[in-house]
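Report on the following structure.
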Amino acid sequence: MRSFLYFLTALAVIGLAAWAYRENHLTQQAMNERRALEREVASLSNAITIQRTEWAYLNRPDRLRELVDVNFARLRLVPMTADHFGEIGQVAYPLPVLRSDYSTAVEVFGDLQSTPPAPQEDTP
C-alpha cells in the first residue's frame, strides 16, 4: 500500500512539474510578445513625432507665404480678411422635405381604411 502511495505521489510530482514547465514556457512567450509590441509602439510613436515635426516645418507661415507669392499668377491666393466671412442670415438653408407617399409604410394595426370612425358625443 505504501509503495502505491509513493507511486501516486511521484506521478503527481511529475504531473505538476510538467504543468509548471508548460506555464513557464507560456509566460516567457507572452513576455516576449509584450516586449515586441512595446518596441513596435515606441517605433510608431517615434515615427509620429517625426511626422508632426515635418508637418510643422512645412506649415511655417513664412514658407507658405513664399509659396503663395511664387504661385500667385496660377492660384490667385490672397490673405483672408474679415470681408471673406458672411453673416448667418446670408446662409441659404434647404427647405425640409415633407413626405406624403405612404406606400412603403408598415401596417401595424391592419388596414387603416376599415377602422370604424370614433363615436361622437352629444353635447347640450
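Counting from 1, the numbers follow the sequence of the chain as shown.
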Name the atoms and distances for all side-chain donor-acceptor pairs under 3.5 Å in residues 39-47, with sequence neighbours left out.
none

Throw together a table of side-chain donor-acceptor distances under 3.5 angstrom for residues 67-79, partners on residues two or more places apart or in other chains.
from: N71; atom 1: ND2; to: L67; atom 2: O; distance (Å): 3.1

Considering only distance and modelled atom types, tabulate donor-acceptor pairs under 3.5 Å from the side chains of residues 3-26, sequence neighbours left out.
from: T9; atom 1: OG1; to: L5; atom 2: O; distance (Å): 2.7

Counting only pairs under 3.5 Å, give me each side-chain donor-acceptor contact of residues 31-38, with atom names and distances, residues two or more places apart or in other chains.
from: N32; atom 1: OD1; to: R35; atom 2: NH1; distance (Å): 2.8
from: N32; atom 1: ND2; to: Q28; atom 2: O; distance (Å): 3.3
from: R34; atom 1: NH1; to: E38; atom 2: OE1; distance (Å): 3.3
from: R34; atom 1: NH1; to: E38; atom 2: OE2; distance (Å): 2.8

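When hydrophobic residues (I, L, V, M, F, W, Y) are linked wherever their side-chain heavy atoms come within less than 4.5 Å, the members clustered with F85 are M80. Here W55 sits alone; no ILVMFWY side chain lies under 4.5 Å from its own, so it joins no hydrophobic cluster. Under a 4.5 Å side-chain heavy-atom cut-off, the cluster of Ile, Leu, Val, Met, Phe, Trp and Tyr residues that includes I48 has no other member.
At least one donor-acceptor pair closer than 3.5 Å links the side chain of R60 to the backbone N or O of Y57.
Across all their heavy atoms, L58 and L64 have their closest contact at O-CD2, 3.8 Å.
For residues 85-97, no residue pair satisfies the side chain to side chain donor-acceptor pair (under 3.5 Å) rule, not counting sequence neighbours.
Partners of H84 according to the side chain to side chain donor-acceptor pair (under 3.5 Å) rule, which considers only residues two or more places apart in sequence or in another chain, are T81.
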